[in-house]
Undergrad: 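Sharing a structure, written as structure tokens. Questions coming.
Throughout, protein chains are lettered first and strands after them, A, B, ... in sequence-line order, and every chain is numbered starting at 1.
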Amino acid sequence: MKKGDHLFLVDGSAYIFRAYHALPPLTRKSDGLPVGAVSGFCNMLWKLVEESRDTSVGTIPTHFAVIFDHSSTTFRNALYDQYKANRTAPPEDLVPQFPLIREAVRAFDLPCIEKQGFEADDLIATYTRQAVAAGGDVTIVSSDKDLMQLVGPGVILYDQMKDKRLGPEEVKEKFGVYPEKMIDLQALVGDTSDNVPGVPGIGPKTAAQLLDEYGDLEALLERAGEIKQAKRRENLIQFAEQARLSKRLVTLDCETPLDVALDELFLNEPDGEKLIAFLKAMEFTTLTRRVAATLAVSASEVETATIAVDGPARGPDLDPPAADGAAPLTAANGAGGAARLALTPAMLVEARRAEAAAATFDHAAYLTIRDEAALKAFLAEATETGILAFDTETDTLSAMNGRLVGVSLAVAPGRAAYVPLGHVSPNGEADLLSDTSLEDEIGPQIPLETALSAMKPVLEDEAILKVGQNTKYDTLVMLRHGIAVAPFDDTMLISYALDASASLAGHGMDELSERFLGHKPISFKDLCGSGRNARPIASCEIERVTHYAAEDADVTLRLWRVLKPRLAAEGLASVYERLEKPLVPVLARMERRGIMVDRQILSRLSGRFAQKQGALEAEIADLAGEEFNPGSPKQLGEILFGKLGLPGGKKTKSGQWSTDVKVLEDLAAEGHALPAKIVEWRQLTKLKGTYTDTLPNHMDERGRIHTSYSMASTTTGRLSSSEPNLQNIPVRTEEGRAIRTAFVAPEGTRLVSADYSQIELRILAHIADIPQLKQAFREGLDIHAMTASEMFGLPVEGMDPMVRRRAKAINFGIIYGISAFGLANQLSIPREEAGLYIKRYFERFPGIRDYMDETKAFAKKHGYVETLFGRRAHYPDISASNPSMRAFNERAAINAPIQGTAADIIRRAMIRMDDALAKAGLAARMLLQVHDELVFEVPEDEVEPTLLLVSEVMAEAPLPRVDLSVPLVVDAKAAGNWEAAH
DNA sequence: CGCTCCTAACC
DNA sequence: AGGTTAGGAGCGA
């Protein structure tokens, strides 16, 4: 080893576990030997070898070794008997793969290094030190933080999976300290997976900050008494020895005696024949092909190696299939007969409930459809039954980007099928296979276009009802493939219309199935894993996907049979038919369009925010007299109320100091400088972190952002928006509003924003029938000023803004089901004073109190409340014996009809909008909904008529079902960006 | 990595 | 104080 040489050290043990978890667990050789981890390991190693042969990258290794852990007991156990004591044994099917993996390394002609009593990390440390001493460079292939302490001049860590190289700066960025201090940081933080204790209550952030301040661990422990935060100081004193022990545990030994000298790690040109012989023996066909191509060896001429394995290899688990003789349920058995006897909606509901209770599921009966003829035959059954449950499987969870992997169909209970369309090799290398070999591997699939043309006439057939669960998702996917699914029913929305409050547990299919069918379907997690072990559905075994996906269609169809009749029986058919179902295609179109965002504006704002943030951090540290993380409420609370001893400390539920805006602003109002700076810092951090930094990640190639609306996640009928949430884009502060300027109209168009003015107060005035409020709205007065005038007997002319502000807070409080506690908190006044305001309000507007009492009584009697359009919100806990729980439910029940009626009104407007625009010959496109606001993209030359039409549709949305006794006023404006249009 | 807590953005 | 979604800190497996 000499200057200019480059040593690659592969952390083999970590590699094994990554390979094992990255791949499907069931990969086996034809003789039943589990080889998933071997396969993953070889793929990763080959990729690394290939990369390191690529001269364009510039780090060509001259030396190379793969290092493994050898035994579980090391010198560290002598220091601390609990070291790695909580490690669990490796998975059963991984154990026989260890010797094979060592064999693989030898097949690659690479040194395979391990040593009794030492961890791989220590060997890596020793080779690294020697290589650096000899003037060479080192790349450690690992992402283990335990190895970061080795990073330094000439030494980097390479995370192959993420293709990231970590030098000192990257370590600093990741952990807040340079590599030299990593050991001290680890000693403080500890490591639960290795059972290194560290110091309680100290996480990476705090540790980095302490080390920054005190220099190193020893200095910190010696001066621990100076630390201001009591708990932290005590912990550092009490656990000082534990920290020192932890340090010894995490410090790598770079003096390990080596059996193989550094110079012996010299890298040879791989022996193609040896490697291919091994790969063929393991039946890694794809990798064999790739290696053969790269090394210019003819794979067919190489003989398969005989692999001697020094360990027991488990045979395949071939349990005989269960033969319980359960017949698949069909529409004919039981259900049909019962339905024919149902003379009333209630009887039908009961019959279907009984049918569901008796349902059994037979996964083996589900079909996998792999050719066009079978697909057409199955679809023909739908023509007979008139109903088709369908569900799409895609490779990401977003309907906008997901690629179609398969479609499942059901035509009657138990009669379901899965149509694979975009499956790939379970080994994840399908892109390198030709179509024919993919077919050899996973079986035939109908070409996507063929399947789509076969399904299109059925999915669009007016005589066949398509049933889905969250159909917005599936219709959006199909819309992207040129199919407009109609007519349809949606079991999620039926469930939501029946009882929206279940949205807490969710209207997801799995929950509905358990609730209404008493059946727990195969979960997506069961099929594809989760977290680190998650893999795309497209590379799951097709037979298993059939069980999962066909079951989904089957469950959906059965749920529909149970739930649909309940709509009529419970008087909720019109809510579902008029407020839920028609909104589905409207939202699908809005999501698909997306809104244009100017990346440059966001990036400029990010820069500006970062600058201000930096300056504020300096001031904050200065005012606090120490460095701390202003983003940690825990640390902040200790500084404000502990160290500085400021008054007005409130505690949160869990006993921590509360530091929310309210608290900080109250402190700032008393002239304290630090809280004011924190408020400012928090605001900037929020704007930057949640908006200007993040929104660009959601932009598509055309510069548009597509949110996803949820129709079933609120208890009141409102929509919600996520990924990203475009219903909480800042508007309150000037800096926040700047973010809205990034939402723009493309060339030749304008954005129109139209919002309802005071819609909830208007609804309250109508429902509670308050003469003064209704009169004020009819006359177009300032409603809050009028309220203040009414309450305090003051003229509206020349009113003190503070008085109006109070009245406004009360008006909002009323909508929220007011409490003296809440109003006092909102206005920062004593609770007694707030109570007096409320009393006065009720004296002047007695109808409000009546409305509240009647609503509570109704909710207690029925368990739910209703909007003006018949939507129900359920409050089963409204009679709870716990007073605060009861009061909470009462307030929610008072609010729900108001908020829910507003939600219904804008839904009606949205449902009518596209038709109204089309009829008027206007090209405007609805893009966003923000509860009481709609945003459109409008051709420049159609702005005027569009403003008029949009306002009219919105204002008349309650008609003809409800004729409000107050006018609905809509403010609409056009501009080049959302900020200016709002 | 997943969960809870706290905070903050919106209507 | 009614209805949401999202991000960071801290903790524990």
Undergrad: Would A:Gln613 and A:Thr685 satisfy side-chain hydrogen bond (donor to acceptor under 3.5 Å, both in side chains), going step by step from the backbone distance to the final call?
TA: CA-CA 7 Å; A:Gln613 204 182 15; A:Thr685 309; 3.1 Å; yes

Undergrad: Base, sugar-phosphate or nothing for A:Ala809? Non-hydrogen atoms, less than 4.0 Å.
TA: base

Undergrad: Would you say C:dC11 has OP1 or OP2 under 4.0 Å from some side-chain N or O of A:Lys634?
TA: yes

Undergrad: Verify side-chain hydrogen bond (donor to acceptor under 3.5 Å, both in side chains) between A:Gln186 and A:Asp146, making sure each step is shown before the conclusion.
TA: CA-CA 8 Å; A:Gln186 288 174 258; A:Asp146 297 348; 3.0 Å; yes

Undergrad: Grab the CH2-C1' distance between A:Trp657 and C:dG10 for me, whole Å please.
TA: 20 Å

Undergrad: Nearest to the side chain of A:Gln826, which nucleotide is it out of C:dA1, C:dA6, B:dC11?
TA: C:dA1

Undergrad: Remember a base hit wins even if backbone is also touched, and classify A:Gln635 as base, sugar-phosphate or nothing at under 4.0 Å, heavy atoms.
TA: sugar-phosphate

Undergrad: Assign A:Ser710 to base, sugar-phosphate, or nothing according to its heavy-atom contacts below 4.0 angstrom with the strands shown.
TA: nothing

Undergrad: By nearest atom, which of the nucleotides B:dC11, B:dA9, C:dG3 is closest to the A:His982 side chain?
TA: B:dC11

Undergrad: Taking only N and O in the side chain of A:Arg682, is any of them less than 4.0 Å away from OP1 or OP2 of B:dA8?
TA: yes

Undergrad: So if I take every side-chain heavy atom of A:Ser658 and compare against B:dT7, B:dA8, C:dT5, which nucleotide ends up nearest?
TA: B:dT7

Undergrad: Within the 4.0 Å heavy-atom criterion, would you say A:Glu723 contacts the bases, only the backbone, or no part of the nucleic acid?
TA: sugar-phosphate

Undergrad: In whole Å, what is the span from the CG atom of A:Leu664 to the P atom of B:dT7?
TA: 8 Å

Undergrad: When all nucleic acid strands are considered with a 4.0 Å heavy-atom cut-off, which category describes A:Leu823: base, sugar-phosphate, or nothing?
TA: base

Undergrad: For a quick check of understanding: with a heavy-atom distance under 4.0 Å over all strands, which category does A:Lys205 fall into, base, sugar-phosphate or nothing?
TA: sugar-phosphate

Undergrad: Are A:Thr715 and C:dT4 close enough that a side-chain N or O sits under 4.0 Å from OP1 or OP2?
TA: yes

Undergrad: In whole angstroms, how far is the C1' atom of C:dA1 from the CD1 atom of A:Ile829?
TA: 13 Å

Undergrad: How many Å lie between CZ on A:Arg718 and C1' on B:dC10, as a whole number?
TA: 9 Å

Undergrad: Just checking, any donor-acceptor pair under 3.5 angstrom between side chains of A:Asn882 and A:Ser884?
TA: yes

Undergrad: Taking only the side-chain nitrogens and oxygens of A:Ser654, find out if one of them lies under 4.0 Å from OP1 or OP2 of B:dC6.
TA: yes

Undergrad: Closest approach to the side chain of A:His931, judged atom by atom: which nucleotide of B:dC11, C:dG2, B:dA9 is it?
TA: B:dC11

Undergrad: Under 4.0 angstrom, heavy atoms only, what part of the nucleic acid is A:Thr685 near: base, sugar-phosphate, or nothing?
TA: nothing

Undergrad: Starting at NZ of A:Lys662 and ending at P of C:dA1, how long is that distance when rounded to a whole Å?
TA: 11 Å

Undergrad: Whole angstroms only, please: what is the CD-P distance between A:Glu933 and C:dT4?
TA: 20 Å

Undergrad: Counting the atoms with a prime plus P, OP1 and OP2 as sugar-phosphate, which does A:Arg891 contact under 4.0 Å by heavy atoms, base, sugar-phosphate, or nothing?
TA: sugar-phosphate

Undergrad: Regarding A:Ser501 and A:Thr715, is there a side-chain donor-to-acceptor distance under 3.5 Å anywhere?
TA: no

Undergrad: Rounding to an integer number of Å, can you tell me how far A:Leu636 CG sits from B:dC5 P?
TA: 20 Å

Undergrad: Closer than 4.0 angstrom, basic N to acidic O: yes or no for A:Lys472 and A:Glu591?
TA: yes

Undergrad: Does the cation-pi check pass for A:Lys651 over A:Trp657, that is, NZ or CZ under 6.0 Å from the six-membered ring centre and within 45° of its axis?
TA: yes

Undergrad: Look at the side chain of A:Arg732 against the base of B:dC10 and say whether a donor-acceptor pair falls under 3.5 Å; ignore hydrogens and angles.
TA: no

Undergrad: For a quick check of understanding: with a heavy-atom distance under 4.0 Å over all strands, which category does A:Asn725 fall into, base, sugar-phosphate or nothing?
TA: sugar-phosphate

Undergrad: Let's see if you can work this out: which of C:dG3, C:dG7, B:dA8 has an atom nearest to the side-chain heavy atoms of A:Phe888?
TA: C:dG3

Undergrad: Is any side-chain N or O of A:Ser720 closer than 4.0 Å to OP1 or OP2 of C:dT5?
TA: yes

Undergrad: Hey, does A:Tyr691 reach any base, or is it just sugar-phosphate, or nothing, if we go heavy atoms under 4.0 Å?
TA: sugar-phosphate

Undergrad: Should A:Thr652 be listed as having a side-chain N or O under 4.0 Å from OP1 or OP2 of B:dC6?
TA: yes

Undergrad: Mind checking whether A:His507 and A:Tyr496 have parallel, tilted or perpendicular rings, split at 30° and 60°?
TA: perpendicular

Undergrad: Could you check how far CH2 of A:Trp681 sits from P of C:dG8, rounded to whole Å?
TA: 10 Å

Undergrad: When you measure from the side chain of A:Ser819, which nucleotide among C:dG3, C:dA1, C:dG7 comes out closest?
TA: C:dA1

Undergrad: Check whether the aromatic ring of A:Tyr816 stacks on the base of C:dG2, taking stacking as ring centres less than 5.5 Å apart and planes within 30° of each other.
TA: yes

Undergrad: What nucleic acid atoms does A:Gly631 come within less than 4.0 Å of, heavy atoms only: base, sugar-phosphate, or nothing?
TA: sugar-phosphate

